[in-house]
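Numbers restart at 1 for each chain; the letters A, B, ... are given by sequence-line order, proteins then strands.
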Amino acid sequence: MKPLLSQLLASAVSSLQTQGDLPADTPVTINLERARDRRHGDFASNLAMVLCKAAGAKPRDLAQKLVAALPASDQMEKVEIAGPGFINFFLSDSAWHASLGQILQQRSLYGRSDLGAGKAVQVEFVSANPTGPLHVGHGRGAAYGACVADLLEAVGYKVHREYYVNDAGRQMDILATSVYLRYLDLCGETLTFPANGYKGDYVWDIAASLHRRHGDALRVNAQALFAEVPDDEPQGGDKEAHIDGLIERTRSLLGEERYRETFDLGLETILDDIRRDLEGFGVRYDEWFSERSLAESGAVQRAIERLGEAGHTYEQDGALWFRSTDFGDEKDRVVVRDNGQTTYFASDIAYHMNKLERGYERVIDIWGADHHGYVPRVKAALTALGDDAAKLDVLLVQFAILYRGGERVQMSTRSGEFVTLRELRQEVGNDAARFFYVMRKCEQHMDFDLDLAKSESSDNPVYYIQYAHARVASVFRQLKEKELSWNPDNGAAHLSRLSESHEDALMVNLSRYPEVVEAAALGHEPHQLAHYLRDLANEFHTYYNAHQFLVEDADLRDARLNLIAATRQVIANGLGLLGVSAPERM
RNA sequence: GCCCCGGUAGCUCAGUCGGAUAGAGCAACGGCCUUCUAAGCCGUGGGUCAGGGGUUCGAAUCCUCUCCGGGGCGCCA
């Protein structure tokens, strides 16, 4: 109904323009909002106040003219001018009844739109290094990214969901080496595990499968491996130099082929685990994009060359630098190190170049907030390459801190004792985890209360909303038990019987749903939908307690059943977009 | 030092492309189950929107300074 009112206002504006009350060249955006206070009607527009300067008239006078020029509509009961010049719209009952009919007719499609007109959008999210299982921090990015993608799809964009797999680079070499050292341990070698290695139990598991596959065939003498390697930190050395030395030795002692096999075994095992974890979390991808493939296809080289040809690189201290300061970055960045290796940043330039080459209208990256400093250099690179950096939207997700029993849950990634996403899902369930993660806007630091997420009470917003859905289902079960039936057509014909204030409030809220989905999608703010559903569930529970649905009067009963069926539908649709289930009974 | 995010009720947070009297949940207190699920509902109390200055018809919202909290500033990824 909002589109209808906007249309009416637009038509009033153009009448004023033909009459000469308003300059024809004034740019006009129709500003129309839900009124917060019902005394101000259902919708309010500040159009007259915005246009008064251009029109050279007082706001209230201009409002008067606009109202006079409004075309008639049977959905509009009256229009008032109030305060400094607000135009307040009061809708007729038939408007609410119409939107109720729409919900029951469109069912799961209610709230969807073609606003995006099928434009292609890419959403890249999580993209955690495959060096270990996902932890709770990744969970927020996963839940948020999935919702942003689903919302955009709901409003008509063609969405491509992608995970960038960092399957190249030093961190992966550290993983491969960690696996190999654990393997040597399983073979009976005695060694001191490096301070900087990956210590999680999953590394032992991978080492064990390597051992099952090869027995002791890959065994070397541990002393020989550690010989000539710089001391580790506990021995007064440098842990980075120590691990780099171990990587080098592992590589040469194993040989390239076997090293690669160890490396890939670790990669595949962990990636499989991440895939299963995300799938279990209801998060699906269209593509898992390999970083290594960029190097192998020459895309990284091509990106570096293109930067060079455009005159944006220079050599210094044996390394090749990108002059990103020319494009707003705070310092220049290395793309090729003095040892000849390209940096992670070089891959990322190639990756983003690749994204834009694929022709997306919009590219959305969802990163942890700790990567914020990385944004200017990626945009700088795109600009330097002649691409439109404005097409790239980087959404930064702040940290989530877990609380249990009022105490902060400690997470330590290094020791391998972090709380994994899988543990969280097992503890609180997928529904609560998905909902809690998107309940807050992404720029907000989040306190994740495990006890609350687990509690089966009204304190828990997830159960509160789901319970409203289950209650409607229960009413329909009761209907059958009482050997009554629901006639939706009869209900639709008697919607005027819905005259209680609770019923009005519910109908108004149900009609808001498409606007909420649109705002949540365009603003990348799933929390708006979460809050809306909480409100809607509240309206329903209030109504439920105040009135009986299964009444004798068949006309009233059918009308009320239409209303609660529509409520159930909207809750199911909304929860669906958040990745939360809508149970029939609880 | 520079950069990003935050500061709104006792707690956790909405509201922020300027709009009418700043909202919700929890916690506190008082009520409601012979009637469709009490995992629910109703009521009461609770505010210097961190602080100063500015912009204007109008500021929690925009600009600026200060204070406080979190994060980031590698030839790591």
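Distance alone, capped at 3.5 Å, is enough to place a donor-acceptor pair between the A:D558 side chain and the A:N487 backbone.
Of the inter-residue distances, the one linking A:Y543 atom OH with A:L563 atom CG reads 5.0 Å to the nearest 0.5 angstrom.
In this structure, A:I366 places its CD1 atom 17 Å from P of B:C5, rounding to the nearest Å. The interatomic distance linking A:D449 (CG) with B:A27 (C1') rounds to 13 Å, in whole Å. Between the P atom of B:G25 and the CG atom of A:L533 lies a distance of 16 Å, rounded to the nearest Å. Put simply, CG on A:L452 is 10 Å from P on B:A27, counting in whole angstrom units. The CG atom of A:N509 sits 13 Å away from the C1' atom of B:A24 (whole-angstrom rounding).
Across all strands, A:H469 comes closer than 4.0 Å to no nucleic acid atom at all (heavy-atom distances). Looking at heavy-atom distances under 4.0 Å, A:S474 makes contact with a base. In this structure, A:E443 reaches the sugar-phosphate backbone alone: every heavy-atom distance under 4.0 Å involves primed, P, OP1 or OP2 atoms, never a base. Looking at heavy-atom distances under 4.0 Å, A:H541 makes contact with sugar-phosphate atoms alone, never a base. Using a 4.0 Å heavy-atom criterion, one finds that A:Y544 contacts the bases of the nucleic acid, with or without backbone contacts as well.
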Exercise for review: Dot-bracket for RNA chain B, please, read 5' to 3', with Watson-Crick or G-U wobble pairs under 3.5 Å on both distances, ( ) within the strand, [ ] crossing, | other strand, . unpaired.
Suggested key: (((((((..((((.....[...)))).(((((.......))))).....(((((..]....))))))))))))....

Please list, one pair per line, the donor and acceptor atoms closer than 3.5 Å that link side chains of residues 473-486 of chain A to other protein atoms, with sequence neighbours excluded.
residue: A:R477; atom: NH1; partner: A:E584; partner atom: O; Å: 3.0
residue: A:W486; atom: NE1; partner: A:N562; partner atom: OD1; Å: 2.7

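For A:D535, there are no salt bridge (charged side-chain N to carboxylate O under 4.0 Å, His left out) partners two or more places apart in sequence or in a different chain. Taking the salt bridge (charged side-chain N to carboxylate O under 4.0 Å, His left out) definition, one finds that A:R333 meets it with A:D329, sequence neighbours left out. Residues satisfying the salt bridge (charged side-chain N to carboxylate O under 4.0 Å, His left out) criterion with A:D244, sequence neighbours excluded, are A:R170. In this structure A:D42 satisfies the salt bridge (charged side-chain N to carboxylate O under 4.0 Å, His left out) test together with A:R38, sequence neighbours excluded. Every side chain to side chain contact (heavy atoms under 4.5 Å, CB included) that A:D173 has, sequence neighbours left out, goes to A:I247, A:R251, A:Y259, A:F263. Take A:D553 and apply the side-chain hydrogen bond (donor to acceptor under 3.5 Å, both in side chains) test, not counting sequence neighbours, and it matches A:R497.
Spacing of C1' atoms, B:G52 relative to B:G7, comes out at 16 Å, to the nearest Å. Going from the C1' atom of B:A9 to that of B:A22 covers 11 Å, rounded to whole Å. Rounded to whole Å, the P atom of B:C3 lies 28 Å from the corresponding atom of B:C49. With both ends at atom P, the span from B:C17 to B:A60 equals 13 Å, rounded to whole Å. To the nearest whole angstrom, the two C1' atoms, one in B:A20 and one in B:C57, are 13 Å apart. On the C1' atoms, B:A59 is 41 Å away from B:G31, given to the nearest whole Å. Separating the C1' atom of B:U64 from that of B:G72 is a span of 24 Å, rounded to the nearest Å. B:G23 and B:G47: their P atoms are spaced 13 Å apart (whole Å).
Taking only side-chain atoms of A:N88, from C-beta outward, the nucleotide of B:A38, B:G19, B:A20 with the closest atom is B:A20. When the nucleotides B:A38, B:A20, B:C36 are ranked by their closest atom to the side chain of A:Q478, B:C36 comes out on top.
Put simply, A:Y464 has a side-chain N or O that comes within less than 4.0 Å of OP1 or OP2 on B:C41. Residue A:R585 places none of its side-chain N or O atoms closer than 4.0 Å to OP1 or OP2 of B:A39.
Residue A:E552 places its CD atom among 12 or fewer non-hydrogen atoms of other residues, nucleotides or ligands, all under 6.0 Å distant. Atom NZ of A:K2 has more than 12 heavy atoms from other residues, nucleotides or ligands within 6.0 Å.
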Enumerate all atom pairs, one protein N or O and one N or O from nucleotides 43-47 of chain B, separated by less than 3.5 Å.
none

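The aromatic rings of A:Y351 and A:F289 sit tilted, their planes meeting at an angle between 30° and 60°. Aromatic ring orientation, A:H371 versus A:Y374: perpendicular (interplanar angle above 60°, classes split at 30° and 60°). In this structure, A:F322 and A:H312 have perpendicular ring planes: the angle between them is above 60°, well past the 30° mark.
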Review point. Could you write nucleotides 72-77 of chain B as a row of B, S and -, 5' to 3', where a protein heavy atom under 4.0 Å of any base atom gives B, of only sugar-phosphate atoms gives S, and otherwise -?
Key: SS-BBB

Exercise for review: Mark up nucleotides 11-18 of chain B, 5' to 3', with B wherever a protein heavy atom is under 4.0 angstrom from a base atom, S wherever such an atom reaches only the sugar-phosphate, and - elsewhere.
Suggested key: -SSSSB--

Point to revise | Sequence-aligned protein contact record of nucleotides 29-34 of chain B, with B where the base is within under 4.0 Å of a protein heavy atom and S where only the sugar-phosphate is | key: ------

Exercise for review: Could you check A:V409 against A:F448 for side-chain contact (heavy atoms from CB on, under 4.5 Å), going step by step and ending with a plain yes or no?
Suggested key: CA-CA 10 Å; A:V409 178; A:F448 194 120; over 6 Å; no

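Looking at A:R362 and A:D393, a side-chain N of the basic residue comes within less than 4.0 Å of a carboxylate O on the acidic one, giving a salt bridge. A salt bridge links A:R560 with A:E503: at least one charged nitrogen is closer than 4.0 Å to a carboxylate oxygen.
Cation-pi check for A:R140 over A:F399 is not met; the charged atom does not lie both under 6.0 angstrom from the ring centroid and within 45 degrees of its normal.
The residue among A:A470 and A:S45 whose nearest nucleotide of RNA chain B lies closer to the 5′ end is A:S45. Remark on RNA chain B: of its neighbouring residues A:A537 and A:A44, the 5'-side contact belongs to A:A44, judged by nearest-heavy-atom nucleotide.
Between the side-chain ring of A:F86 and the base of B:A20, a stacking contact exists by the 5.5 Å and 30° definition.
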